[in-house]
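Working notes, structure below.
Every chain is numbered from 1, with letters handed out A, B, ... down the list of sequences.
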Number of protein chains: 2
Amino acid sequence: MSRPDTKQRLLDAAERLFARQGFHATPLRDITAEAGANVAAVNYHFGSKEGMIEAVLARRLGPLNEERRERIEAVLRAARQRGGRPEVAEVLRAFVEPTFRLLEQGPGGQNFAVLVGRVLAEPDPSLRAPFLRLVAPTFRFLYQALCEALPHLDPGVVFWRVNSALGAMGHTLRWTGGLGAEIGRSSLPPGVDPSPGTETQTDRLVAFIAAGMEAP
Amino acid sequence: MSRPDTKQRLLDAAERLFARQGFHATPLRDITAEAGANVAAVNYHFGSKEGMIEAVLARRLGPLNEERRERIEAVLRAARQRGGRPEVAEVLRAFVEPTFRLLEQGPGGQNFAVLVGRVLAEPDPSLRAPFLRLVAPTFRFLYQALCEALPHLDPGVVFWRVNSALGAMGHTLRWTGGLGAEIGRSSLPPGVDPSPGTETQTDRLVAFIAAGMEAP
DNA sequence: GCATGATTGAAGCACATGTTTGAATCGAAG
DNA sequence: CTTCGATTCAAACATGTGCTTCAATCATGC
């Protein structure tokens, strides 16, 4: 290898460009140019463009989902030990916080956060399918934990509220790491901080969706 | 004209295909084939592909925004007349209900609803710009109405909560009119209605985001 | 060294895309 | 009927796309 690990550089470039321009709008040649690699390297390492998006997702989604799962499990365990129900806000925070922490893990993590936000809103099955395969178990686990936390609610209602919560999270991810700054600066109402810190962002989102989940 | 209004048929087909496959993933030839028109008709009537998406958005967004604005104004007026503050849920309902009513206005409205959900999550400026130009005044009006309804909250917090609310709404729109049914049926937890009626959907969403807006 | 398998590079292929062209067709006014 | 602008059509154009090919290069074990 001439330079250290072409594969990683390709993944980094793809992560960045897919997040900023979208999958279909990003030509392979843009990615290879940014990574300083040849077009053939993509098909050599990943088989196809679709194979590359899958690799981009899998690289970070594996550890991320593990962390989310562990934290939700910890919340459930603590609740059982004290003989009570898990707190809705705690469960949600266990899911949201690791996601938003991506924003602090350098430009790569930031791009990936935006990418997750994008894929959450993507109808194209060729993108949605690999993503869902990777996150479905975690989503389901979150749903079950919230059903435990809200036993008085119909499971159907819980499901739709989880859906709304994910929508709010995805939107915030896209906005925060992506176009929020650009779009916002010009059209933001006065007195609004265009990009508060990650922690503030997390706290606000958790407060919002926790209140939504617990609505009467 | 051989057949009634090629222009409208093109707009209908574009509305449908952009909603289902996305803008970049939909070739012009797919649209013209579905509309039974020639490829050149697109450039003749709209100048370019981008001109067409703009026309698709403008056709329905004009009346929709007018209705949203009138309904929000009615809520504000009623509040002033009784000397109180507008109710958060009322303001949100005035904005959300006309949007969701699209889902009942035939397949065209349904497709457009999904399309709005998509554009809400779209980072590509060539799509976002015309959309924002059309909806920015209405969004700002909603924001101001909610500031009136929540005077004890920092405007910055209100802004971010409106953002989250729009994210939740967009996600629901995409899900409801679009892939929810397909994806859902296979992986939905048991006991969850895959597609409740529009009214139920609206009530649930309003309850969720109203609670989120009013969180302490 | 050298042989071998992994990786890279330049060039090209086959095809899809948005757009343009110029002639044909249509509808209605003179 | 003729004329003229609006509209439609088939064909082509220029470019961009994902992917493949095959020779060159590299790293490593012998």
When the distance from [atom1] of [X] to [atom2] of [N] is rounded to whole Å, what number comes out?
X	N	atom1	atom2	answer
A:D30	D:dT15	CG	C1'	14 Å
A:I31	D:dG16	CD1	C1'	15 Å
B:H24	D:dG18	NE2	P	13 Å
A:D5	D:dC26	CG	P	18 Å

Using the salt bridge (Lys or Arg N to Asp or Glu O under 4.0 Å) rule, collect all pairs that involve [range], keeping only residues at least two apart or in two chains.
range	result
residues 129-139 of chain A	A:E54-A:R133
residues 98-114 of chain A	A:E97-A:R101
residues 24-53 of chain B	B:R16-B:E34

Does any residue of residues 43-52 of chain A have a heavy atom under 4.0 Å from DNA chain D, and if so, which ones, in number order?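 Heavy-atom contacts with DNA chain D come from A:N43, A:S48, A:K49.
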
Which ring pair (Phe, Tyr, Trp, His ring centres under 6.0 Å) pairs, counting each pair once, include a residue from residues 9-31 of chain A, with sequence neighbours left out? A:F18-A:F23

Hey, does [X] reach any base, or is it just sugar-phosphate, or nothing, if we go heavy atoms under 4.0 Å?
X	result
B:A41	nothing
A:V42	nothing
B:T32	nothing

Is A:T6 near enough to C:dT7 that one of its side-chain N or O atoms lies under 4.0 angstrom from OP1 or OP2?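 Indeed not, no polar side-chain atom of A:T6 lies that close.
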
Check whether the side chain of B:R29 and the base of C:dG18 form a donor-acceptor pair under 3.5 Å.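 When only heavy-atom distances are counted, B:R29 does reach the base of C:dG18 through a donor-acceptor pair under 3.5 Å.
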
Tell me which nucleotide among D:dT21, C:dT21, D:dC19 gets nearest to the side chain of B:A40.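 Nearest to the side-chain atoms of B:A40, counting from C-beta on, is C:dT21.
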
Side chain of B:L28: nearest nucleotide among D:dC19, D:dC9, C:dG18? C:dG18

Residues which pass salt bridge (Lys or Arg N to Asp or Glu O under 4.0 Å) with B:R69, listed by chain and number, not counting sequence neighbours: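 Salt bridge (Lys or Arg N to Asp or Glu O under 4.0 Å) list for B:R69, sorted by chain: empty.
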
Has the side chain of A:R128 got a donor or acceptor atom that lies under 3.5 Å from a matching backbone atom of A:E122?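 Here the side-chain-to-backbone pair exists.
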
Main-chain N/O of A:P107 paired to A:N111 side chain as donor or acceptor, under 3.5 Å: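 Confirmed, A:N111 side chain pairs with A:P107 backbone.
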
Of B:N38 and A:A25, the one whose nearest nucleotide on DNA chain D sits closer to the 5' end is B:N38

